Amino acid sequence: MQLREIFAMQKELDSHIEKKHGLENDDLFDRKVLALLVELGELANETRCFKFWSLKPASDQATILEEFVDGVHFMASLGIECSFDTLEEVESEKDDKVTINEQFLKVYEAVHAFRVTRSKETYILMLQAYLLLANLLGFKDEDIKRAYISKNEVNYKRQQTGY
Ligand SMILES: O=c1ccn([C@H]2C[C@H](O)[C@@H](COP(=O)(O)O)O2)c(=O)[nH]1
């Protein structure tokens with residue numbers, strides 16, 4: 001998965017948001033980590049992968065993809081916070097044996113490891129875990145890119161309308 005365009009767009013959006021809310025000098029790292037964990041929960045809720053007590057089906061793929069790219073926003077934003085945005089590409093991996101439920105838990109663990117170390121190595125592992133989840137959910141790199149660009153635009157509009 002190519003990251004250059006995502007990092008560039010995320011940098012613009014983050015600067016816009018920080019300027020608008022007067023947060024240029026604030027440390028937003030932990031708030032972005034919590035925002036990411038919340039987005040992962042919202043994504044899991046849309047997939048309903050853990051709801052063994054319910055018969056209701058998952059949301060449609062477009063809704064799940066929109067939630068997925070909210071997570072991409074915060075992962076990219078955290079990479080920028082740590083100056084890892086020179087990273088050009090992350091290998092999208094596949095694993096037929098892992099379940100979606102297990103992979104969600106792996107992503108949570110990877111976010112935690114990244115928060116604790118703030119290292120480039122754990123950052124890449126977090127991205128890889130999230131891209132493996134994307135693969136299990138049936139999303140290709142092109143789908144993610146397209147949905148990211150579209151949600152990035154929505155995020156600007158929300159700022160204009162006093163969201
Ligand atoms: O500094 C920020 C703050 C928010 N968002 C984006 C990421 C998500 O797409 C969206 C989350 O907004 P809610 O819909 O969860 O409020 O905002 C950013 O990209 N950068």
Side-chain angles (χ1 to χ4, degrees), residues 1-51 58-90 92 100 103-104 107-108 110-112 114-116 118 120 122-163:
M1 169 107 183
Q2 300 290 329
L3 299 174
R4 201 202 293 238
E5 197 181 347
I6 289 179
F7 277 132
M9 291 181 73
Q10 190 64 45
K11 223 172 193 171
E12 295 266 324
L13 176 60
D14 286 356
S15 305
H16 177 77
I17 291 173
E18 282 162 35
K19 220 173 269 168
K20 177 147 195 206
H21 295 271
L23 296 167
E24 293 102 320
N25 299 317
D26 279 39
D27 178 3
L28 298 174
F29 186 87
D30 264 357
R31 276 176 271 179
K32 287 180 182 180
V33 170
L34 182 55
L36 172 59
L37 294 171
V38 170
E39 294 298 349
L40 291 173
E42 289 178 10
L43 174 64
N45 251 339
E46 296 297 347
T47 71
R48 303 181 74 81
C49 67
F50 60 94
K51 292 193 177 250
S59 297
D60 56 72
Q61 284 294 85
T63 304
I64 295 174
L65 181 55
E66 192 179 329
E67 286 300 341
F68 184 88
V69 298
D70 281 336
V72 173
H73 275 76
F74 286 115
M75 284 191 184
S77 192
L78 284 162
I80 294 161
E81 291 274 345
C82 296
S83 307
F84 299 153
D85 49 305
T86 48
L87 198 64
E88 299 252 338
E89 192 177 4
V90 159
S92 310
I100 291 175
Q103 194 56 31
F104 264 109
V107 174
Y108 276 110
V111 175
H112 178 66
F114 166 64
R115 178 178 177 242
V116 172
R118 296 197 192 192
K120 193 168 184 180
T122 57
Y123 182 68
I124 292 170
L125 287 172
M126 177 179 78
L127 295 183
Q128 283 173 332
Y130 202 44
L131 289 177
L132 204 158
L133 179 63
N135 179 261
L136 294 172
L137 293 172
F139 303 135
K140 296 191 169 41
D141 290 356
E142 314 86 86
D143 304 325
I144 298 167
K145 191 80 176 287
R146 189 179 14 86
Y148 174 86
I149 292 169
S150 157
K151 187 61 192 269
N152 192 283
E153 213 172 287
V154 169
N155 283 324
Y156 273 108
K157 289 203 181 111
R158 283 181 172 175
Q159 290 299 315
Q160 280 154 18
T161 53
Y163 173 76

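Model, not experiment: these values are computed from the prediction. Because only heavy atoms are used, hydrogens play no part in the values below, and waters and symmetry mates are left out as well, while side chains stay in. Just follow the structure's listing: the first ligand is 1, and inside any ligand the first atom is 1. Numbers here are sequence positions counted from 1.
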Nearest-neighbour protein heavy atom for atom 1 (O) of ligand 1, which is reported as residue plus atom name and distance: Asp14 OD1, 3.5 Å

Nearest-contact summary for atom 17 (O) of ligand 1 - protein heavy atom, Å: Asn155 OD1, 3.4 Å

Atom 16 (O) of ligand 1 - nearest protein heavy atom and its distance: Tyr163 OH, 2.4 Å

Lys157 bridged to Glu153 by N-O distance under 4.0 Å: yes

Atom 9 (O) of ligand 1 [closest protein heavy-atom partner, distance rounded to 0.1 Å]: Asp70 OD1, 2.6 Å

Salt-bridge present (Arg48, Glu67; N to O < 4.0 Å): no

Worked check of side-chain hydrogen bond (donor to acceptor under 3.5 Å, both in side chains) between Tyr156 and Asn152: CA-CA 7 Å; Tyr156 273 108; Asn152 192 283; 4.7 Å; no

Ligand 1 to Lys32 polar contact by distance, N or O atoms, under 3.5 Å: no

Presence of salt bridge, Asp143 and Lys140, under 4.0 angstrom: no

Phe7 ring center within less than 6.0 Å of Phe84 ring center: no

Per-residue contact class, Leu13 against ligand 1 - non-hydrogen pairs under 4.0 Å: side chain

Test item, Glu39 contacting ligand 1 (heavy atom, 4.0 angstrom): yes

Nitrogen or oxygen of Ser77 less than 3.5 angstrom from that of ligand 1: no

Gln10 N/O under 3.5 Å from ligand 1 N/O: yes

Derivation of the side-chain contact (heavy atoms from CB on, under 4.5 Å) call for Arg31 and Leu34: CA-CA 5 Å; Arg31 276 176 271 179; Leu34 182 55; 5.9 Å; no

Side chain, backbone, both or neither: the part of Arg158 lying under 4.0 Å from ligand 1 by heavy atom: side chain

Criterion side-chain hydrogen bond (donor to acceptor under 3.5 Å, both in side chains) on Gln10 and Tyr148, from CA distance to verdict: CA-CA 10 Å; Gln10 190 64 45; Tyr148 174 86; 2.6 Å; yes

